[in-house]
Amino acid sequence: MQHLSPYILSPNAGLPAQPQIPLIDLSQPDAKHLIVKACEEFGFFKVVNHGVPLEFISHLESEAVSFFSLPQTEKEKAGPAGPFGYGNKNIGRNGDVGWVEYLLLKTDPRFNFHKLPSGFGKNPEKFRSALKDYISAVRKMACEILELIADGLKIQQRNVLSKLLMDEQSDSVFRLNHYPPRPELNEAPVNGGGERNLIGFGEHTDPQIISVLRSNNTSGLQISTRDGSWISVPPDQTSFFINVGDSLQVMTNGRFKSVKHRVLANGSKSRVSMIYFGGPPLSEKIVPLPSLMKGKESLYKEFTWFEYKKSAYNTRLSDNRLAHFQRI
Ligand code: GA4
């Protein structure tokens, strides 16, 4: 038998246990209650048995990898991101930068990728069809989750949230991110100093209703818990991760909180992520759902999604964008 010295501590000894990220199996009957609990406690959860065909995921990932492998001058033909198109390091328009390159697209095929320009590589039609398949399957799953939320909150109208994503005018967006490796992060720090935690994408909350993230098997994503500490989210390329956005926080009058998250650059591996941001039509009023209020006062001033977005685009990534709309 092997004896362990009492002086050798396991790596986590003495540290408080890291909270576990909620795991939701969409095929289980208790999913709706677990989702509501996760949205209240974390504003974040992982989803398995999601029904999105794995080949849609792998097709889009390989198209994304080919795009990001193009020569810089080719990629730049699809840019600059203003906000849509190819962007490199610059995020938004107020000076945020990260160790990331990306493509930001509208999800509505009428406006966007029905015809991708030459910057999208040799076969833009293949890229377009991979985007279309992936986005419609992921939107379907996002709607299922929003209907489970409505059920779990005992709201009669099951589609009160999902109809906003299904609306022809829904202002949803899609993002492909590539975080190139930073080998210098693996090197021993000089004189104990040096930056070992390079920011890939700085901390922020998502302005929309719900975001659905999938990444390859490279780590980097972290979420902030209610006590303000950061926890790393182990990557899982066959699952999805769901974020509560600012709009859902308002629609639940603060019962759900949008989750602060960020991505750290990796020392040795490329990280590729794809995120669907489910948003309402521009003219939609973002107000608490009446059935959750029962005579209570709204914590927020009334605003439309157009007004919120306009104000969001004048902020820095880490700003508290809802603060401006809070009733004191
Ligand atoms: C964060 C969530 C989405 O990625 C995004 C981002 C947007 C952008 O990259 O253009 C924003 C950011 C995001 C919130 C504040 C503003 C707008 C960059 C920025 C500094 C596409 C979105 O909708 O809001």
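First listed ligand is number 1; within each ligand, the first listed atom is number 1.
Using a 4.5 Å cut-off on side-chain heavy atoms (C-beta onward), V100 and I91 make contact. You'll find the side chain of L264 stays beyond 4.5 Å of the side chain of W99, heavy atoms only. With contacts defined as side-chain heavy-atom distances shorter than 4.5 Å, the pair L221/R271 qualifies.
Distances from atom 19 (C) of ligand 1 to the heavy atoms of P83, G92, G95, G279 show the closest one on G92. Taking each of R321, R316, H204 in turn, the one with a heavy atom nearest to atom 15 (C) of ligand 1 proves to be R321.
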Item to check | Criterion side-chain hydrogen bond (donor to acceptor under 3.5 Å, both in side chains) on N266 and T218, from CA distance to verdict | outcome: CA-CA 8 Å; N266 192 285; T218 303; 5.6 Å; no

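Backbone and side-chain nitrogen or oxygen atoms of R175 are examined, and one is located within less than 3.5 angstrom of a nitrogen or oxygen of ligand 1. For the pair Q208 and ligand 1, the shortest N or O to N or O distance falls below 3.5 Å. Considering backbone and side-chain atoms together, Y313 places an N or O closer than 3.5 Å to an N or O of ligand 1.
A salt bridge between E74 and K77 is present, with a side-chain N of the basic residue lying under 4.0 Å from a carboxylate O of the acidic one.
Ligand 1 places these atoms under 4.0 Å from at least one heavy atom of D206: 2 (C). Numbered from 1 in the order shown, with element, the atoms of ligand 1 that lie under 4.0 Å from a heavy atom of A312 read 15 (C), 16 (C). Residue contact check: L104 has heavy atoms under 4.0 Å from atoms 10 (O), 21 (C) of ligand 1. For ligand 1, the atoms sitting less than 4.0 Å from at least one non-hydrogen atom of T315 are 15 (C), 20 (C), numbered in the order shown with element in parentheses.
The shell of residues lying under 4.0 angstrom from ligand 1, judged by heavy atoms, excludes N94.
Under 4.0 Å from ligand 1, the heavy atoms of P207 that appear belong solely to its side chain.
Screening K126, K132, R128 against E63 for a salt bridge (charged side-chain N to carboxylate O under 4.0 Å, His left out) leaves a single residue, K126.
Side-chain rings of F174 and Y134 approach one another, their centers coming within less than 6.0 Å.
Counting protein heavy atoms only, atom 12 (C) of ligand 1 is closest to L317 CD2, 3.9 Å.
Formation of a donor-acceptor pair under 3.5 Å by the N216 side chain with backbone atoms of S270 is found in this model.
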